[in-house]
A.B. asks: 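The structure follows.
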Amino acid sequence: QVQVVESGGGLVQPGGSLRLSCAVSGNIFSIWAMSWHRQAPGKQRELVATMPNGYGTTYADSVKGRFTISRDNSKNTVYLQMNNLKPEDTAIYYCVVDLSTFRGGVPYDYWGQGTQVTVSS
């Protein structure tokens, strides 16, 4: 069994910052990628940032220069530093971990429960 738990969401004023954390635990053999997605009210879920093993990082155009994804492999944790937040960043943010649970296993995406980020004055 695998658990993915996000934390760090909340209410922040425009221009402010938040740091999201996501820890994965359980039956992990190998982590292939760690990502953040978000879903705003009435909109489709979108990829915010992803960090595959050894392949750098990718960001949505809307967050480039403002958000930074990072990983601590020793803790199986991924972070999302969000600076200069805008009202349009308001959404539920989900952590997604692509991992395999045994040698030779096909990687599978495990989702967290989500954490609410609200940007408002």
A.B. asks: Can you tell me how far apart CG (N53) and CZ (R71) are? Round to the nearest 0.5 Å.
C.D. replies: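 Separation between the atoms: 4.5 Å.
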A.B. asks: What closest approach, in Å, do G114 and I92 show between heavy atoms, and which atom pair accounts for it?
C.D. replies: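 What the structure gives for the nearest pair is CA-CG2, 3.8 Å.
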A.B. asks: Could you tell me how the ring of Y94 sits relative to the ring of W111: parallel (under 30°), tilted (30 to 60°) or perpendicular (over 60°)?
C.D. replies: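 The rings of Y94 and W111 stand perpendicular, inter-plane angle above 60°.
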A.B. asks: Under the criterion side-chain contact (heavy atoms from CB on, under 4.5 Å), I'd like the reasoning laid out for S120 against L11: C-alpha separation, chi angles, the key distance, then a yes or no.
C.D. replies: CA-CA 7 Å; S120 175; L11 173 64; 4.2 Å; yes
A.B. asks: According to a 4.5 Å side-chain heavy-atom criterion applied to Ile, Leu, Val, Met, Phe, Trp and Tyr, with indirect links allowed, do M82 and L47 form part of one hydrophobic cluster?
C.D. replies: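 In one cluster: no.
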A.B. asks: Would M51 and I31 show up in the same hydrophobic cluster when neighbours are defined by side-chain heavy atoms closer than 4.5 Å?
C.D. replies: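 Shared cluster, yes.
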A.B. asks: Around W32, counting heavy atoms of other residues, nucleotides and ligands shown, do more than 12 lie under 6.0 Å from its CH2?
C.D. replies: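 It does not: W32 CH2 has 12 such atoms or fewer within range.
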A.B. asks: Using 4.0 Å as the upper bound for N to carboxylate O, is an ion pair formed by D89 and K86?
C.D. replies: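 Result for this pair is no, no salt bridge flagged.
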A.B. asks: Work out which heavy atom in S35 is nearest to a heavy atom in T50; give both atom names and the distance.
C.D. replies: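 Here S35 and T50 meet closest at OG-OG1, 2.6 Å.
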A.B. asks: Would you compute the distance between atom CG of L80 and atom OG1 of T115 and round it to the nearest 0.5 angstrom?
C.D. replies: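 L80 CG to T115 OG1: 11.0 Å, rounded to 0.5 Å.
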A.B. asks: Between CE of M34 and OG1 of T77, what distance do you get to the nearest 0.5 Å?
C.D. replies: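 With rounding to 0.5 Å, CE (M34) is 6.5 Å from OG1 (T77).
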A.B. asks: Backbone N or O of Q113 within a donor-acceptor pair of the E6 side chain at under 3.5 Å?
C.D. replies: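 Yes: the side chain of E6 pairs with the backbone of Q113.
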A.B. asks: Evaluate the criterion side-chain contact (heavy atoms from CB on, under 4.5 Å) for residue pair I28 and Y110; output intermediate values, then yes/no.
C.D. replies: CA-CA 11 Å; I28 302 166; Y110 290 84; over 6 Å; no
A.B. asks: So which atom in L85 and which in R66 form the shortest heavy-atom distance, rounded to 0.1 Å?
C.D. replies: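 Where L85 meets R66 most closely, the heavy atoms are CA-NH1, 3.9 Å.
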A.B. asks: Any idea which heavy atoms bring S121 and P14 closest together, and the distance?
C.D. replies: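 What the structure gives for the nearest pair is N-CD, 3.7 Å.
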A.B. asks: May I ask whether W36 and V12 are part of the same hydrophobic cluster, defined by side-chain heavy atoms of I, L, V, M, F, W, Y residues being less than 4.5 angstrom apart, directly or through others?
C.D. replies: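 In one cluster with W36: V12, yes.
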A.B. asks: Could you give the distance from CG (N84) to OG (S17), rounded to the nearest 0.5 Å?
C.D. replies: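 It is 8.0 Å, given to the nearest 0.5 Å.
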A.B. asks: Between S25 and N76, is there a side-chain heavy-atom distance shorter than 4.5 Å?
C.D. replies: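 Counting from C-beta outward, N76 and S25 never come under 4.5 Å.
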A.B. asks: For F29, does the CZ atom have more than 12 heavy-atom neighbours from other residues, nucleotides or ligands under 6.0 Å away?
C.D. replies: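 Check passes, neighbour count above 12.
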A.B. asks: Are the side chain of T90 and the backbone of V119 linked by a donor-acceptor contact shorter than 3.5 Å?
C.D. replies: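 Confirmed, T90 side chain pairs with V119 backbone.
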A.B. asks: Could you check Q39, R38, Q116 and say which one makes a side-chain hydrogen bond (donor to acceptor under 3.5 Å, both in side chains) with Y93?
C.D. replies: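 Of all the options given, the one that passes is R38.
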A.B. asks: Cluster question for you: counting only ILVMFWY and a side-chain heavy-atom cut-off of under 4.5 Å, with indirect links fine, are Y79 and V24 together?
C.D. replies: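 No, Y79 and V24 fall in different hydrophobic clusters.
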A.B. asks: Under 4.5 Å between side-chain heavy atoms, counting indirect links through other Ile/Leu/Val/Met/Phe/Trp/Tyr residues: same cluster for L20 and V96 or not?
C.D. replies: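 In one cluster: no.
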A.B. asks: Heavy atoms, side chains only, cut-off 4.5 Å: are N27 and Q1 in contact?
C.D. replies: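 With C-beta onward as the side chain, the pair stays apart.
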A.B. asks: Looking only at atom types and distance, does a side-chain atom of Y59 sit under 3.5 Å from a main-chain N or O of I69, one as donor and one as acceptor?
C.D. replies: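 Yes, Y59 side chain to I69 backbone: donor-acceptor pair under 3.5 Å.
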A.B. asks: I need the minimum non-hydrogen distance between P52 and A33, along with the two atoms involved.
C.D. replies: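 Smallest heavy-atom distance, with atoms named: CA-CB, 3.7 Å.
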